[in-house]
Amino acid sequence: MKQDIDLEEYARQVRQGKNGAALEKLTTSEAGVKLAAKVDGERLTKAAQQGDAQTLADMLKGILSTPEGKSFAAQVEKAVQDGR
């Protein structure tokens, strides 16, 4: 099942959440910037807007298969847990 996703609205909600500041800090960190540079932003945006879960999952698997991706995911998980 595909559904359109408003990425701007979703990003706004994440930024306003209780973990928003910590997550924002991670995305602008050196590790976050390096990791983001490895992502095909156009492909990611298109898949998200079209609700293409398989493409999103494949992209995430690719990112998480790298040492940098695993480390970044652990940092995100910690930031989310610390904000609870």
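T66 pairs by the side chain to side chain donor-acceptor pair (under 3.5 Å) definition with nothing, not counting sequence neighbours. Partners of T55 under the side chain to side chain donor-acceptor pair (under 3.5 Å) rule, at least two apart in sequence or in another chain, are D52. The side chain to side chain contact (heavy atoms under 4.5 Å, CB included) search around L64 returns L60, A73, not counting sequence neighbours.
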Side-chain donor/acceptor pairs under 3.5 Å, residues 33-43, sequence neighbours excluded:
{"from": "K34", "atom 1": "NZ", "to": "E30", "atom 2": "OE2", "distance (Å)": "3.1"}
{"from": "D40", "atom 1": "OD1", "to": "E42", "atom 2": "N", "distance (Å)": "3.3"}
{"from": "D40", "atom 1": "OD1", "to": "R43", "atom 2": "N", "distance (Å)": "3.1"}

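Note that NZ of K61 is 13.5 Å distant from CE of M59, once rounded to the nearest 0.5 Å. Note that OG1 of T45 is 11.0 Å distant from CD of Q50, once rounded to the nearest 0.5 Å. To the nearest 0.5 Å, the span separating OG1 on T27 from NZ on K25 amounts to 11.5 Å.
When every heavy atom of F72 is checked against every heavy atom of S29, the shortest pair comes out as CE1-OG, 4.3 Å.
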